Amino acid sequence: MKLEKYQIEEHNHAHRSTHQQRIDYVRSWVSNSDHIIEKLIEFQIAIPSWALGTGGTRFGRFAGAGEPRSLEEKIEDIGLLHSLNKSSGAVSLHIPWDIPKNPKAIKALAAQLDIKFDAVNSNTFQDQKGQQHSYKFGSLQHVDKTTRDQAIEHNLEVIHYGKELGSSSITVWLSDGSSFPGQLNFRKAFENTLDGLQKIYGALPDDWKMFVEYKAFEPNFYSMTVGDWGQSLLYASKLGPKAYTLVDLGHHLPNANIEQIVSLLLMEGKLGGFHFNDSKYGDDDLTVGSINPYQLFLIFNELVEGMDARHMNHATGLGWMIDASHNVKDPLEDLLQSVEAIMIAYAQALLIDQKALEYARQKNDVALAQEILQVAYRTDVRPLVAEARLRSGAALQPLELFRTLKVREHLIKERGTQTVATGL
Ligand code: LRH
Ligand code: MN
């Protein structure tokens, strides 16, 4: 389904006067409004190809309807999201869930919809039909060299697909680890994994990056071989300048200070990117900003301060990707809400008076430092985010227009109710 320009213009026309009042008010007291709006327009978030259908848990999956049946339809759905908010201009593919059968055609379709290819993801956490060696006891860490070589080969294949599509990074998340004390020699598991990552690293084109994604637990519940930011940083530092860590917000132990982790990884020049989502307990993969929006704001505060300290371009300096699973919401509505939450957190962080904050810190004026942060957090920046959409030719209220145009109903008419998208 493709949205027509007039449909967005009609929607914006109907919302114009309310929006104008709101944006005029914000601009009346937010001095750097235009700077923030320009930054928001540039900022693009990659949509995960594995989250365009309904997700589930081991206790069940309640199928949605009108789900994409192919990679082409997934790219079309991302094109639809992008036409609604002009902030979803990239896709992150997962192999083999989304092998491009005709890379040229897929590339052309994506270009037509102004969709770029962000990181490609390998998958050595599931056994594929006809696979020779099982990953039950791990992949790159495995005690058996033939299993390790099979996993390395798969990652080289993923790089090959990425090159054909114009991607320039690979995300390696390993479910490797152990579920019982005694099961694993941690040192040998690390050394095997490093050796495997080095062989994958060696196959990277010059301009590529490798993101090493860490996770505290699940599917292993005693140890994970890339279990936290320290371990990921150790791998990335030993691998070389093209290797970075990837921060999935749901991959931390309870109450971890993720904003401090982000600050230090940026300081080391080893922060590669994000998998944005939210969680209350484990790797819940919930809508971004739905549980702990203040934490997301604090993370963006460290990102803005840290990236400016390194003169990094906010839009292109890191990999901005969503990684969520939709068990009870419409996947497209959930993704629209996640993108909105990220844009709001980024806009609030751009509002922070970093000079005044540093001054308060030099004075150890803790209360003032909190006031400076919370003035920004308590500012309703939604008119700025909407204005950025308006100037980009997108919808002032994407979710409302998605519903007004009965997009899901159209997709069901087109695809039926029984279609199941590949992915989580
Ligand atoms: C692991 C993870 C990883 C993906 C998978 C779909 O929990 O976050 O990024 O490969 O989800
Ligand atoms: Mn992830």
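These numbers come from a predicted model, not from an experiment.
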Peer 1: Checking T379 side chain against V381 main chain: does a donor-acceptor pair fall under 3.5 Å?
Peer 2: no

Peer 1: Please check if atom OH in Y359 has more than 12 non-hydrogen atoms from other residues, nucleotides or ligands closer than 6.0 Å.
Peer 2: no

Peer 1: Verify the neighbour count for atom CZ of R408: are there more than 12 heavy atoms of other residues, nucleotides or ligands below 6.0 Å?
Peer 2: yes

Peer 1: For atom CD of Q132, decide whether the heavy atoms of other residues, nucleotides or ligands shown that lie under 6.0 angstrom number more than 12.
Peer 2: no

Peer 1: Under 4.0 Å between a side-chain nitrogen and a carboxylate oxygen: does that hold for E387 and R391?
Peer 2: yes

Peer 1: Taking the side chain as every heavy atom from C-beta outward, state whether D284 and D278 have any pair of such atoms under 4.5 Å apart.
Peer 2: no

Peer 1: With a 4.5 Å cut-off on side-chain heavy atoms, are L303 and Y346 touching?
Peer 2: no

Peer 1: Do M321 and L246 have side chains that get closer than 4.5 Å, going by heavy atoms?
Peer 2: yes

Peer 1: Give, for atom NE2 of H11 and atom CD of Q397, the distance between the pair rounded to the nearest 0.5 Å.
Peer 2: 5.5 Å

Peer 1: Can a donor-acceptor pair be found, under 3.5 Å and without considering hydrogens, that links the side chain of W208 to the backbone of A203?
Peer 2: no

Peer 1: Using a 3.5 Å distance criterion without hydrogens, assess whether the side chain of S139 forms a donor-acceptor pair with backbone atoms of Y135.
Peer 2: no

Peer 1: Between the main-chain N or O of T422 and the side-chain N or O of K74, is there a donor-acceptor pair closer than 3.5 Å?
Peer 2: yes

Peer 1: Looking only at heavy atoms, what is the nearest atom pair of N123 and P96, with distance?
Peer 2: CB-CD, 3.8 Å

Peer 1: Tell me yes or no: between the side chains of Q141 and T225, is some donor less than 3.5 Å from an acceptor?
Peer 2: yes

Peer 1: Search all heavy atoms of A216 against all heavy atoms of M224 and return the closest pair with its distance.
Peer 2: O-CG, 3.5 Å

Peer 1: Distance to the ring centre below 6.0 angstrom and angle to the axis at most 45 degrees; does that hold for K242 and Y201?
Peer 2: yes

Peer 1: Take W229 and Y214 through the test side chain to side chain contact (heavy atoms under 4.5 Å, CB included) and record every step on the way to the result.
Peer 2: CA-CA 6 Å; W229 71 282; Y214 60 87; 3.7 Å; yes

Peer 1: Answer yes or no: is there a donor N or O on one side and an acceptor on the other, between the side chain of T245 and the main chain of L233, under 3.5 Å?
Peer 2: no

Peer 1: Would you call the rings of F217 and F221 parallel, tilted or perpendicular, where under 30° means parallel and over 60° means perpendicular?
Peer 2: tilted

Peer 1: Strictly distance-based, threshold 3.5 Å: is any side-chain N or O of H252 a donor or acceptor partner for the main-chain N or O of N257?
Peer 2: no

Peer 1: Between atom CG of N301 and atom CD of E259, what is the distance when rounded to the nearest 0.5 Å?
Peer 2: 9.0 Å

Peer 1: Restricting to non-hydrogen atoms, name the atom on R61 and the atom on V420 that form the minimum distance, rounded to 0.1 Å.
Peer 2: NH2-CG1, 3.7 Å

Peer 1: Kindly determine whether H82 and L113 satisfy side chain to side chain contact (heavy atoms under 4.5 Å, CB included), including the steps that lead there.
Peer 2: CA-CA 8 Å; H82 194 44; L113 298 167; over 6 Å; no

Peer 1: Checking D207 against S168: is there a side-chain donor and acceptor pair closer than 3.5 Å?
Peer 2: no

Peer 1: Nearest heavy-atom pair of S87 and V339: which atoms, and what distance?
Peer 2: CB-CG1, 3.7 Å

Peer 1: Please check: side-chain N/O of E164 versus main-chain N/O of P103, any donor-acceptor pairing under 3.5 Å?
Peer 2: no

Peer 1: Nearest 0.5 Å, what's the CG-CG distance between L80 and L411?
Peer 2: 6.5 Å

Peer 1: Measure the spacing between OH of Y281 and CD1 of I291 and express it to the nearest 0.5 Å.
Peer 2: 8.5 Å

Peer 1: Testing D283, D248, D323 one by one against K215 for a salt bridge (charged side-chain N to carboxylate O under 4.0 Å, His left out), which residue passes?
Peer 2: D283

Peer 1: Taking all non-hydrogen atoms of both residues into account, name the closest pair between L332 and L81 and its distance.
Peer 2: O-CD2, 3.6 Å

Peer 1: Check for a donor-acceptor pair, side chain of E67 on one end and backbone N or O of G53 on the other, with a separation under 3.5 Å.
Peer 2: no

Peer 1: So how far is it from R389 CZ to L396 CG, rounded to the nearest 0.5 Å?
Peer 2: 7.0 Å

Peer 1: Check whether any side-chain heavy atom of D118 sits under 4.5 Å from a side-chain heavy atom of S169, and report yes or no.
Peer 2: yes

Peer 1: Between R403 and E333, does any side-chain N to carboxylate O distance fall below 4.0 Å?
Peer 2: yes

Peer 1: Taking atom types as modelled, is there a side-chain donor on Q374 or Y294 under 3.5 Å from an acceptor on the other?
Peer 2: yes

Peer 1: For this output row, return yes or no: ring centroids of F297 and F300 closer than 6.0 angstrom.
Peer 2: no

Peer 1: Would you sort out whether V375 and I352 count as a side chain to side chain contact (heavy atoms under 4.5 Å, CB included), showing the intermediate values?
Peer 2: CA-CA 8 Å; V375 161; I352 298 167; over 6 Å; no

Peer 1: As a quick check of understanding, evaluate side chain to side chain contact (heavy atoms under 4.5 Å, CB included) for F274 and L249, giving each step before the final call.
Peer 2: CA-CA 8 Å; F274 286 86; L249 300 190; 4.1 Å; yes

Peer 1: Can you tell if the side chain of S223 reaches within under 4.5 Å of the side chain of L184, non-hydrogen atoms only?
Peer 2: yes

Peer 1: Do H314 and D308 meet the criterion of a side-chain donor-acceptor pair at a distance under 3.5 Å?
Peer 2: yes

Peer 1: If we ignore angles and hydrogens, is there a donor and acceptor under 3.5 Å between the side chains of S178 and N220?
Peer 2: no

Peer 1: What is the distance from atom NE2 of H133 to atom OG1 of T124, rounded to the nearest 0.5 Å?
Peer 2: 14.0 Å

Peer 1: For I95 versus P100, what's the shortest heavy-atom pair and its separation?
Peer 2: CD1-CD, 4.2 Å

Peer 1: Look at the rings of H142 and F137 and say which category their plane angle falls in: under 30° parallel, 30 to 60° tilted, over 60° perpendicular.
Peer 2: perpendicular

Peer 1: Kindly indicate whether the side chain of Y235, heavy atoms from C-beta on, has any atom under 4.5 Å from the side chain of V226.
Peer 2: yes

Peer 1: When you compare the side chains of Q337 and S290, does any donor N or O come within less than 3.5 Å of an acceptor on the partner?
Peer 2: no

Peer 1: When you look at W97 and Y161, which way does the ring pair (Phe, Tyr, Trp, His ring centres under 6.0 Å) test go after all the steps?
Peer 2: CA-CA 12 Å; W97 291 334; Y161 284 121; over 10 Å; no

Peer 1: Check whether any side-chain heavy atom of I47 sits under 4.5 Å from a side-chain heavy atom of I322, and report yes or no.
Peer 2: yes

Peer 1: Just wondering, do L318 and M312 contact through their side chains at under 4.5 Å, heavy atoms?
Peer 2: yes

Peer 1: Any donor and acceptor pair, going by atom type alone, linking the side chain of H326 with main-chain N or O of A51 inside 3.5 Å?
Peer 2: yes

Peer 1: Could you check whether R361 pairs with E358 (Lys NZ or Arg NE/NH1/NH2 to Asp/Glu carboxylate O, under 4.0 Å)?
Peer 2: yes

Peer 1: Under 3.5 Å, is there a donor-acceptor pair between the S92 and N121 side chains?
Peer 2: yes

Peer 1: With a 3.5 Å distance limit and no angle check, can you tell me whether T54 reaches the backbone of A63 through a side-chain donor-acceptor pair?
Peer 2: no

